[in-house]
Asks: 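Please read through the structure below; I'll follow up with questions.
What you see below is based on every heavy atom in this structure, not just the backbone, and it leaves out hydrogens, waters and symmetry mates.
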Amino acid sequence: MDTVTHALAELDDGVPVMLVVLSGRLVLVGDPRVVPAEHLLRHAADVRAWMAGGGGDAGRAADVLAGQIECLIKGEPLVLPAS
């Protein structure tokens, strides 16, 4: 079953968030200098619940989140398609 997790890592300047899909796992990677850990934690939980409800797999979740990077950075609510 696909899952979602998060991690903090100092990324190159200008790259505050990365979405990484590895073997059915979506990893939300945020630079702690830009993205608070609680944003990533909350978003990972939201996406995990969406996926568990039939929203899609890790690849689909990454596609959906790719257009919402600003929300990930600012901690704004994500817009996840209906399951």
Asks: Hey, could you give me the CG/CD distance between L65 and Q68, rounded to the nearest 0.5 Å?
Replies: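 Rounded to the nearest 0.5 Å, the CG-CD separation comes out at 6.0 Å.
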
Asks: Under a 4.5 Å cut-off applied to non-hydrogen side-chain atoms, are V4 and W50 in contact?
Replies: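 No - every pair of side-chain heavy atoms lies 4.5 Å or more apart.
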
Asks: So, do R48 and T3 sit near enough that their side-chain heavy atoms are less than 4.5 Å apart?
Replies: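 Yes, close enough: below the 4.5 Å cut-off.
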
Asks: Can you see which heavy atom on E10 is nearest to which on P32, and at what distance?
Replies: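 Closest approach of E10 to P32, heavy atoms only: N-CD, 4.2 Å.
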
Asks: Should V20 and V17 be regarded as members of a common hydrophobic cluster, given that ILVMFWY residues are connected when their side-chain heavy atoms come within less than 4.5 Å of each other, either directly or indirectly?
Replies: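 Different clusters.
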
Asks: Show, in sequence, the C-alpha distance, side-chain angles and deciding distance for V34 and I73, and conclude whether the side chain to side chain contact (heavy atoms under 4.5 Å, CB included) test is met.
Replies: CA-CA 7 Å; V34 180; I73 295 167; 4.0 Å; yes

Asks: When you measure from the side chain of D12 to the backbone of V15, do you find a donor-acceptor pair of N or O atoms at a distance under 3.5 Å?
Replies: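 Answer holds: no.
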
Asks: Taking H43 for the side chain and C71 for the main chain, is one N or O donor matched with an acceptor at less than 3.5 Å?
Replies: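 It does hold such a pair.
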
Asks: Is there side-chain contact between L26 and D2, with heavy atoms separated by less than 4.5 Å?
Replies: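 When only atoms from C-beta onward are counted, D2 and L26 do not touch, as no gap falls below 4.5 Å.
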
Asks: So, taking the atom named OG1 in T5 and the one named CZ in R25, what distance separates them when rounded to the nearest 0.5 Å?
Replies: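 Output value for this atom pair is 5.5 Å.
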
Asks: Indicate yes or no for a side-chain donor-acceptor contact from D31 to the backbone of P16 under 3.5 Å, with no hydrogens or angles considered.
Replies: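 Absent.
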
Asks: Can a salt bridge be assigned to the pair E70 and K74 using a cut-off of 4.0 Å between side-chain N and carboxylate O?
Replies: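 Salt bridge between E70 and K74, a charged N being under 4.0 Å from a carboxylate O: yes.
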
Asks: I need the minimum non-hydrogen distance between L40 and G30, along with the two atoms involved.
Replies: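 Looking at all heavy atoms of both residues, the shortest contact is CD1-N, 3.5 Å.
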
Asks: Please tell me if the side chains of L28 and L19 come closer than 4.5 Å, counting only heavy atoms from C-beta onward.
Replies: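 L28 reaches L19 side chain to side chain.
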
Asks: Should V21 and V27 be counted in the same cluster of Ile, Leu, Val, Met, Phe, Trp and Tyr side chains packed under 4.5 Å apart?
Replies: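 No, V21 and V27 fall in different hydrophobic clusters.
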
Asks: In the structure I gave you, are the side-chain heavy atoms of L11 and M18 within less than 4.5 Å of one another anywhere?
Replies: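 Side chain of L11 against side chain of M18, heavy atoms only: contact under 4.5 Å found.
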
Asks: Between V35 and L72, is any pair of side-chain heavy atoms under 4.5 Å apart?
Replies: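 No, their side chains stay 4.5 Å or more apart.
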
Asks: Is it possible for you to say whether L8 and I69 belong to one hydrophobic cluster, with membership spreading through side-chain heavy-atom contacts below 4.5 Å?
Replies: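 The answer is yes; both residues are in one hydrophobic cluster.
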
Asks: Take D13 and R33, measure what side chain to side chain contact (heavy atoms under 4.5 Å, CB included) needs, and give me the verdict at the end.
Replies: CA-CA 10 Å; D13 289 340; R33 299 171 293 183; 4.2 Å; yes

